[in-house]
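I have placed the structure first, in the form of structure tokens, so that the comments after it can refer back to it.
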Amino acid sequence: MDGGRWSLAPARGRPVLLNFWASWCEPCRAEMPSLELLAERHAAAGLEVLAVNFRETDAAIRRFLGVMPVSLPILRDADGGAAKAFGVRMFPTTVAIGRDGRVAWSAVGEADWTGALTRPWIAALLAG
């Protein structure tokens, strides 16, 4: 959001979650608090959680943040290229990148990132 570019390469060696979302997506908004909590709980383990906005303007994102403040780093996928590269077709979609820099798994749809269903996924990502 601050105009800089972000690359996955410097994150190698750390697990990363890329959460592709849009402000008009209700399930995206619903899962954001659990993503933030997940990021807080596993920061010491090196987990990096990034919210990747799909093809919205800075103004639209800022309006959303005015209503629903988010503490996660927000990246803009202005042209949809990142979503296309990761095969994202529905929102929200969360792509997990392992410590080796490769996609470990993807989750399509809203998830409770602190719930029993996702705990094994996160544990495996952190262990790998």
Side-chain angles (χ1 to χ4, degrees):
M1 280 295 297
D2 297 327
R5 295 185 64 85
W6 187 86
S7 170
L8 191 55
R12 192 175 195 103
R14 291 183 315 227
V16 175
L17 285 183
L18 300 174
N19 177 260
F20 288 86
W21 66 283
S23 65
W24 46 261
C25 167
E26 180 57 38
C28 299
R29 292 191 300 267
E31 80 172 353
M32 201 66 74
S34 72
L35 277 167
E36 290 186 293
L37 188 54
L38 176 74
E40 290 172 19
R41 285 184 179 170
H42 297 291
L47 180 64
E48 189 168 0
V49 180
L50 303 163
V52 184
N53 179 268
F54 180 72
R55 297 182 65 175
E56 292 187 282
T57 65
D58 281 346
I61 296 168
R62 291 191 196 290
R63 276 192 305 275
F64 170 79
L65 293 174
V67 173
M68 185 175 181
V70 173
S71 63
L72 298 172
I74 296 180
L75 307 177
R76 281 189 64 225
D77 185 12
D79 65 359
K84 183 176 181 181
F86 286 104
V88 174
R89 290 184 172 78
M90 293 178 60
F91 301 96
T93 292
T94 301
V95 179
I97 311 294
R99 294 178 190 276
D100 61 359
R102 296 178 187 203
V103 173
W105 47 264
S106 294
V108 178
E110 179 185 346
D112 175 359
W113 292 102
T114 60
L117 177 66
T118 59
R119 270 188 220 122
W121 304 347
I122 299 302
L125 184 64
L126 294 174

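FYI, side chains are in, hydrogens and waters are out, and symmetry mates aren't considered; it's all heavy atoms of this structure. Note that the structure is predicted; figures quoted are calculated from it, not measured.
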Do [X] and [Y] make a side-chain contact, defined as non-hydrogen atoms from C-beta onward lying under 4.5 Å apart?
{"X": "W121", "Y": "T94", "answer": "no"}
{"X": "E56", "Y": "S23", "answer": "yes"}
{"X": "V70", "Y": "L35", "answer": "no"}
{"X": "L65", "Y": "I74", "answer": "yes"}

Would the distance check show the side chain of R99 and the main-chain N or O of L126 forming a donor-acceptor pair, the cut-off being under 3.5 Å?
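Such a contact is found between R99 side chain and L126 backbone.
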
Are any side-chain N or O atoms of R76 and backbone N or O atoms of V52, one a donor and one an acceptor, separated by less than 3.5 Å?
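Side chain of R76 to backbone of V52: no pair is present.
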
Can [Y] be reached from [X] by stepping across I, L, V, M, F, W or Y side chains whose heavy atoms are under 4.5 Å apart?
{"X": "F86", "Y": "V16", "result": "yes"}
{"X": "M32", "Y": "F20", "result": "no"}
{"X": "V95", "Y": "W6", "result": "yes"}
{"X": "L72", "Y": "I122", "result": "yes"}

Closest non-hydrogen atom pair, [X] against [Y]:
{"X": "L8", "Y": "G101", "value": "CD2-O, 4.2 Å"}
{"X": "C28", "Y": "P92", "value": "SG-N, 3.5 Å"}
{"X": "L38", "Y": "W113", "value": "CD1-O, 3.5 Å"}
{"X": "V103", "Y": "S106", "value": "CG1-OG, 4.3 Å"}
{"X": "T114", "Y": "S34", "value": "CG2-O, 3.8 Å"}
{"X": "G98", "Y": "L125", "value": "CA-CD1, 3.8 Å"}

Using side chain to side chain contact (heavy atoms under 4.5 Å, CB included), reason through V88 and D77 one step at a time and then give a plain yes or no.
CA-CA 12 Å; V88 174; D77 185 12; over 6 Å; no

Residue pairs passing the ring pair (Phe, Tyr, Trp, His ring centres under 6.0 Å) test where at least one lies in residues 46-77, sequence neighbours excluded:
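Applying ring pair (Phe, Tyr, Trp, His ring centres under 6.0 Å) to every pair that reaches into residues 46-77, excluding sequence neighbours, yields W21-F64, F54-F91.
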
Roughly how far apart are [X] [atom1] and [Y] [atom2], rounded to 0.5 Å?
{"X": "C25", "Y": "M90", "atom1": "SG", "atom2": "CE", "result": "9.0 Å"}
{"X": "R29", "Y": "E110", "atom1": "CZ", "atom2": "CD", "result": "10.5 Å"}
{"X": "N53", "Y": "I61", "atom1": "CG", "atom2": "CD1", "result": "3.5 Å"}

Side chain to side chain contact (heavy atoms under 4.5 Å, CB included) between L117 and D112: does it pass, once the steps are laid out?
CA-CA 8 Å; L117 177 66; D112 175 359; over 6 Å; no

Between H42 and V49, does the side chain to side chain contact (heavy atoms under 4.5 Å, CB included) criterion hold? Intermediate values first, please.
CA-CA 10 Å; H42 297 291; V49 180; over 6 Å; no

Restricting to side chain to side chain donor-acceptor pair (under 3.5 Å), what partner residues turn up for E48, sequence neighbours left out?
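For E48 the side chain to side chain donor-acceptor pair (under 3.5 Å) partners, ignoring immediate neighbours, are R14.
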
